[in-house]
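Below: one structure, written as structure tokens.
By convention in this document, chain letters (A, B, ...) are assigned in the order of the sequence lines, proteins followed by strands, and residues within each chain are numbered from 1.
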Protein chains: 2
Amino acid sequence: MKKGGEMKLSTTIRYGTRLMLDMAENQQNGPIRIRTIAKRQGISEKYLEKIVRLLRKAGLVDGLRGPGGGYVLASSPDSITLGEILEAVQGKIELCPCLGEPEKCEKHQYCKTRMVWNDINHAVSTRLHSTTLADLRDSVCPAETRME
Amino acid sequence: MKKGGEMKLSTTIRYGTRLMLDMAENQQNGPIRIRTIAKRQGISEKYLEKIVRLLRKAGLVDGLRGPGGGYVLASSPDSITLGEILEAVQGKIELCPCLGEPEKCEKHQYCKTRMVWNDINHAVSTRLHSTTLADLRDSVCPAETRME
DNA sequence: CTTTAAACATACTTATAAAGTATGAATTCG
DNA sequence: CGAATTCATACTTTATAAGTATGTTTAAAG
């Protein structure tokens with residue numbers, strides 16, 4: 001009698017965020033290679049490449065090719081939000097199908113449940129869009145959970 | 001160049017909530033058969049059965065066997081929260097793996113991102129645990145989106 | 001006291017999407 | 001030119017959500 005869905009954050013989001021934070025913390029010495037971040041973060045290089053390309057396409061980072069190349073943040077860490085990162089790698093946050101396409105919402109009852117999901121969706125979205133990379137970078141990790 | 005994870009609510013949660021709401025709205029005439037709800041909601045009967053059994057195991061509904069049997073809410077709609085329903089069908093809400101098992105959080109940086117996920121996790125959880133079935137039942141669906 | 005209608009239980013199948021890999025082309029620096 | 005990097009696409013693998021099948025147990029009703 002196993003239980004159902006998990007509602008987890010995907011690795012694209014978690015890795016993408018760590019990647020951006022890594023860049024915010026280390027970009028003072030020019031472009032950073034994906035290989036470097038991959039090693040530092042313990043993430044597959046190829047997979048990170050795939051993720052960073054989404055961030056690039058969204059205009060959050062710039063890529064510089066050739067020797068000495070790498071990636072740099074396209075703007076200041078205090079103007080990049082977690083919401084932007086999330087949307088870059090996974091699209092608009094949409095907790096259930098009917099939120100994007102209300103025509104699927106044919107029954108009165110769906111509509112009531114839909115309102116709750118919509119609220120929560122909105123709360124999460126707001127929270128993410130009001131947290132910047134700089135906020136994250138400057139935050140302090142509580143001692144109990146830190147193990148560096 | 002497809003994007004990553006979707007962070008959607010699973011059908012178990014959505015169906016489970018609709019099932020509970022259906023019961024809250026229709027339980028005045030005694031036990032309700034799963035077949036009835038399945039038809040009313042347009043959901044597979046067998047699948048709903050599977051879901052309701054989780055709700056039963058969690059003590060949110062009671063099952064009555066035999067002819068004339070069915071399910072009833074185990075307590076009043078104003079004392080059953082969406083949080084309880086969600087946890088019954090999918091376990092504690094846990095947006096990312098490290099939240100349950102902090103020993104996986106070995107790097108300083110994870111810890112910073114972890115704090116955000118934890119915050120959001122908490123916000124969602126609180127919201128769900130403070131919304132009751134009765135709240136849902138008595139809510140009014142905005143006209144624009146209602147199509148009964 | 002048998003029939004029947006429901007819940008209950010488990011195991012299986014299928015479909016979908018997440019996660020990761022492989023291969024190679026394009027660009028740019030030295 | 002040669003090497004190091006990004007860039008692009010297509011593929012493979014793995015996990016899990018979603019749904020189905022088959023059958024057992026319980027209890028009301030005839």
**Complete:** Numerically ordered, the residues 43-54 of chain A set in heavy-atom contact under 4.0 Å with DNA chain C is A:Ser44, A:Lys46, A:Tyr47, A:Lys50
Verify same cluster id: [X], [Y] (apolar side-chain graph, 4.5 Å):
{"X": "B:Leu136", "Y": "B:Ile43", "answer": "yes"}
{"X": "A:Met7", "Y": "B:Val116", "answer": "yes"}
{"X": "B:Leu73", "Y": "B:Ile32", "answer": "yes"}
{"X": "B:Met20", "Y": "B:Tyr47", "answer": "yes"}

**Prompt:** Which one of A:Asn26, A:Leu48, A:Val52 satisfies the side-chain contact (heavy atoms from CB on, under 4.5 Å) criterion with A:Ile37?
**Reply:** A:Leu48
Using whole Å, what does the distance between atom [atom2] of nucleotide [N] and atom [atom1] of [X] come to?
{"X": "A:Lys3", "N": "D:dG19", "atom1": "NZ", "atom2": "C1'", "answer": "20 Å"}
{"X": "B:Ile32", "N": "C:dA6", "atom1": "CD1", "atom2": "P", "answer": "13 Å"}
{"X": "B:Arg14", "N": "D:dA17", "atom1": "CZ", "atom2": "P", "answer": "13 Å"}
{"X": "B:Ile34", "N": "C:dA5", "atom1": "CD1", "atom2": "C1'", "answer": "14 Å"}
{"X": "A:Lys8", "N": "C:dA18", "atom1": "NZ", "atom2": "C1'", "answer": "14 Å"}
{"X": "B:Met7", "N": "C:dA18", "atom1": "CE", "atom2": "P", "answer": "12 Å"}
{"X": "B:Lys57", "N": "C:dA7", "atom1": "NZ", "atom2": "P", "answer": "19 Å"}
{"X": "B:Lys39", "N": "C:dA6", "atom1": "NZ", "atom2": "P", "answer": "10 Å"}

**Request:** Kindly indicate whether the side chain of A:Thr12, heavy atoms from C-beta on, has any atom under 4.5 Å from the side chain of B:Lys3.
**Result:**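 A side-chain contact under 4.5 Å is absent here.
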**Asked** Should A:Asp22 and A:Arg18 count as side-chain neighbours, where that means a heavy-atom distance under 4.5 Å?
**Response** no
**Request:** Determine, step by step, whether A:Thr36 and A:Arg40 satisfy the side-chain hydrogen bond (donor to acceptor under 3.5 Å, both in side chains) criterion, reporting the C-alpha distance in whole Å, the side-chain angles of both residues, the deciding distance to 0.1 Å, and the verdict.
**Result:** CA-CA 6 Å; A:Thr36 307; A:Arg40 197 147 53 201; over 6 Å; no
**Prompt:** Which residues in residues 60-77 of chain B have at least one heavy atom lying under 4.0 Å from any atom of DNA chain D?
**Reply:**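 DNA chain D contact set from residues 60-77 of chain B: B:Arg65, B:Gly66, B:Pro67.
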**Message:** For D:dA17 and B:Thr11 - does any side-chain N or O of the residue sit under 4.0 Å from the phosphate oxygens OP1/OP2?
**Reply:**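 For D:dA17, neither OP1 nor OP2 has a side-chain N or O of B:Thr11 closer than 4.0 Å.
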**Item:** B:Arg33 side-chain N/O to C:dA5 phosphate OP1/OP2 under 4.0 Å
**Value:**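 False: B:Arg33 side-chain N/O out of range (4.0 Å or more) of C:dA5 OP1/OP2.
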**Request:** Kindly indicate, with the supporting measurements, whether the criterion salt bridge (charged side-chain N to carboxylate O under 4.0 Å, His left out) is fulfilled by A:Glu25 and B:Lys112.
**Result:** CA-CA 12 Å; A:Glu25 290 181 332; B:Lys112 290 183 174 182; 3.2 Å; yes
